[in-house]
Amino acid sequence: MEALVVRRLGDPTLPPGGDDAPFEAVSGGQPVPELSSPTSVRVRVAATSLNFATFLQVQGKYQERPPLPFIPGSDYAGVVDAVGPGVRRFRPGDRVCSLASVGSFAEFIVTEEKTLFAVPDGCDMVAAGALPVAFGTSHLALAHRAQLKSGQVLLVLGAAGGVGVSAVQIGKVSGAIVIAVARGIEKLQYLKSIGADHVIDSSKENVIESAKSFLKARGLKGVDVLYDPVGGKLTQDSLKLLNWGAHILLIGFASGDVPVIRANIALIKNWTIHGLYWGSYLIHRPAVLIDSLNELLSWLSKGLITVQISHTYRLPEAHLAFAALRDRKAVGKVMLVMGSSAKSRL
C-alpha cells in the first residue's frame, strides 16, 4: 500500500524522498496492516485531514512525539475493508470516519470498532474526513466548555482556518453573534457567507476599534466568549473586548507566540480560562467526545454545518499540502485524498 512515512523529524514542506526531507519517498511497498484484535476493523482510507498539530508533530514540536519511523495523520474517512470476528456494528463496505493519534496518511488503517463513526447517507466522504478534529475541537470548546448560549457574543480569531471556520458555524448554530477575524478579502467574504455577523481584516484594520464599533452599533457591551487558536499579540489585544464573566478558549498558538494572561485581571473580571487539548478527551472523557461527534455528524447530514475544503492533494504531494497550511493559503480544510485524482470529492 501507499503510505507517507516519517523517517526523521524535519520540515514537512520538503518533497518526500529528498536528502533533507522528513518523509520517505511514497511507494506502494508498505505492508497492509493486519487486524490486531477480534474487535479491530481495517479501513480503506478515502480522505484524511491535515491539522496544524500534524505539521508540528513531523517537526518534533508537538506535545506527543511518536517513535520513528511513523505514519502521521489523525482524522479520516473511508470504507470498511475487513473486520475481526468480534465486530458487531460494521461490515465491509460501510462508510465510516474516525480519528487516530497517528497512521491515517496511508491507504489502509486498522482501528478498534469503538473508535469508528458511521458516516450518514448523503454526506461527502472528504467532508467527513475533515470533520472530527476541527469541528470536534470547536464543538467541545463552545458547547461543552464555554456553554455558548443564544444571543452571546463570540469572537473567533484565525477564523478562516480549519478550526476557525468550524467555530464560526457552530457559533451560528448555537444562536451566537459572531465576530470573525482573518486576513484577506477572500477569507472575509467566505466568513460572511457562512453567517459571521461582523468580519475584521487583521492585516488592514485595527481589530479592537472595528470590534468596538460593531458592538456599539448593536448595543452590546462586549465579548462573552473568545475562541483563540492564534495566540500572541492578537490574544493580548482581544482581552480588552471581554465582558465580565467571559470565557477564554485557548485552542492553539498558530502565531508561534504563547500569550500571557495576567491572573489578577482574570480574577477581577471573573474570567474563566479553558485550555482545550481535544485529543486528550479520548483518554479522560471518551463518552463526551463520542456524543459530540455523533451530534456533529447529525448536523452535517441535515445541512446545519458545511465543511469547506480549501485544497486537496495526493500522498506524494503532501509537502504541497503542508506548505498551504504553513502559508495560511487555506480557507477551511486542507486534505489528502487517496487515488489518482486529488480533485475527487468521493
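In this structure, the separation between CG on L226 and CD1 on I248 is 6.0 Å, given to the nearest 0.5 Å. The structure places OG of S150 at 9.0 Å from NZ of K172, a figure rounded to the nearest 0.5 Å. Atoms CZ and CG, from F23 and D11 in turn, are 9.0 Å apart once rounded to the nearest 0.5 Å. One finds the CG atom of L142 at 9.5 Å from the CG atom of L276 (value rounded to the nearest 0.5 Å). If you take CG on L242 and CG on N270, they are separated by 12.5 Å, rounding to the nearest 0.5 Å. Of the inter-residue distances, the one linking Q59 atom CD with T54 atom OG1 reads 11.0 Å to the nearest 0.5 angstrom.
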Using side chain to side chain contact (heavy atoms under 4.5 Å, CB included), reason through V5 and I71 one step at a time and then give a plain yes or no. CA-CA 5 Å; V5 180; I71 298 172; 4.1 Å; yes
Quick one, I305 with L131, criterion side chain to side chain contact (heavy atoms under 4.5 Å, CB included). Give me CA distance, side-chain angles, the key distance, then yes/no. CA-CA 10 Å; I305 55 174; L131 182 85; 4.0 Å; yes
Under the side chain to side chain contact (heavy atoms under 4.5 Å, CB included) rule, what do D257 and F253 come out as? Steps first, then yes or no, please. CA-CA 6 Å; D257 185 1; F253 313 106; over 6 Å; no
Could you walk me through whether T137 and Y227 pass the side chain to side chain contact (heavy atoms under 4.5 Å, CB included) check? CA-CA 11 Å; T137 295; Y227 184 95; 3.9 Å; yes
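Looking only at side-chain heavy atoms (C-beta outward), C97 and L297 come within less than 4.5 Å of each other. In this structure, S255 and L234 have side chains that are not in contact, with every pair of non-hydrogen atoms separated by 4.5 Å or more. Within the 4.5 Å cutoff, the side chain of Q152 has no heavy atoms near those of the S174 side chain. At least one side-chain heavy atom of Q57 sits less than 4.5 Å from a side-chain heavy atom of P66. Using a 4.5 Å cut-off on side-chain heavy atoms (C-beta onward), I177 and F214 make contact. No side-chain heavy atom of M338 sits less than 4.5 Å from a side-chain heavy atom of E2. The shortest distance between side-chain heavy atoms of L293 and P132 falls below 4.5 Å. Using a 4.5 Å cut-off on side-chain heavy atoms (C-beta onward), T13 and F55 make contact.
No continuous path of ILVMFWY side-chain contacts below 4.5 Å connects V207 to V225, so the two sit in separate hydrophobic clusters. Cluster annotation: V258 is not connected to L239 through the hydrophobic network of ILVMFWY side chains, with a link wherever side-chain heavy atoms come within less than 4.5 Å. With hydrophobic clusters built from ILVMFWY side chains whose heavy atoms lie under 4.5 angstrom apart, L241 does not share a cluster with V168. Cluster annotation: L249 and V133 are assigned to the same hydrophobic cluster (Ile/Leu/Val/Met/Phe/Trp/Tyr, side-chain heavy-atom contacts under 4.5 Å, transitive). Grouping the Ile, Leu, Val, Met, Phe, Trp and Tyr side chains by contacts below 4.5 angstrom, directly or via other members, places L289 with W299.
Residues S49 and K333 share a closest heavy-atom pair of OG-NZ, 2.7 Å. Closest approach of E205 and V199 over heavy atoms only: OE2-O, 4.3 Å. Between F135 and T306, the shortest heavy-atom distance links the atoms CZ-O, 3.5 Å. Annotation for P16 and A21: closest pair CA-CB, 4.4 Å, computed over non-hydrogen atoms. In terms of heavy atoms, S298 sits closest to S301 at O-OG, 2.8 Å. Between V260 and Q236, the shortest heavy-atom distance links the atoms O-NE2, 2.8 Å.
The local environment of CD in E34 is sparse, with at most 12 non-hydrogen atoms from other residues, nucleotides or ligands closer than 6.0 Å. Atom CZ of R326 has more than 12 heavy atoms from other residues, nucleotides or ligands within 6.0 Å. Crowding of R89 atom CZ: a count of heavy atoms from other residues, nucleotides or ligands under 6.0 Å exceeding 12. At most 12 heavy atoms of other shown residues, nucleotides or ligands fall within 6.0 angstrom of atom NZ in K204. Counting heavy-atom neighbours within 6.0 Å of E295 CD, excluding the residue itself, gives a total above 12.
At a threshold of 4.0 Å, the pair D20-R8 does not count as salt-bridged, since none of the basic side-chain nitrogens sits closer than that to a carboxylate oxygen.
Counting only distance, with no hydrogens or angles, the side chain of S98 and the backbone of T115 share a donor-acceptor pair below 3.5 Å. Of the possible polar contacts, one joining the S166 side chain to the A134 backbone as a donor-acceptor pair under 3.5 Å is found. Counting only distance, with no hydrogens or angles, the side chain of T48 and the backbone of D75 share a donor-acceptor pair below 3.5 Å. Of the possible donor and acceptor atoms, one in the side chain of D224 sits under 3.5 Å from a partner among the backbone N and O of V153. A donor-acceptor contact shorter than 3.5 Å is absent between the side chain of E107 and the backbone of R44. Side chain of R42 to backbone of P33: a donor-acceptor contact under 3.5 angstrom is found. A donor-acceptor pair under 3.5 Å is formed between the side chain of D197 and the backbone N or O of V178.
D94 pairs with exactly one of L116, V119, V80 by the side-chain contact (heavy atoms from CB on, under 4.5 Å) rule, that one being V80.
Between H274 and H247, the ring-plane angle classifies as parallel under the 30° and 60° cut-offs.
For N243 and K269, the side-chain atoms include no donor-acceptor pair closer than 3.5 Å. For the 3.5 Å distance criterion, the side chains of K114 and T39 fail to qualify, holding no donor opposite an acceptor. Side chains of S210 and H198: a donor-acceptor N/O pair is present below 3.5 angstrom, by distance only.
A search for side chain to side chain contact (heavy atoms under 4.5 Å, CB included) contacts involving A182 returns A160, K187, L188, L191, not counting sequence neighbours.
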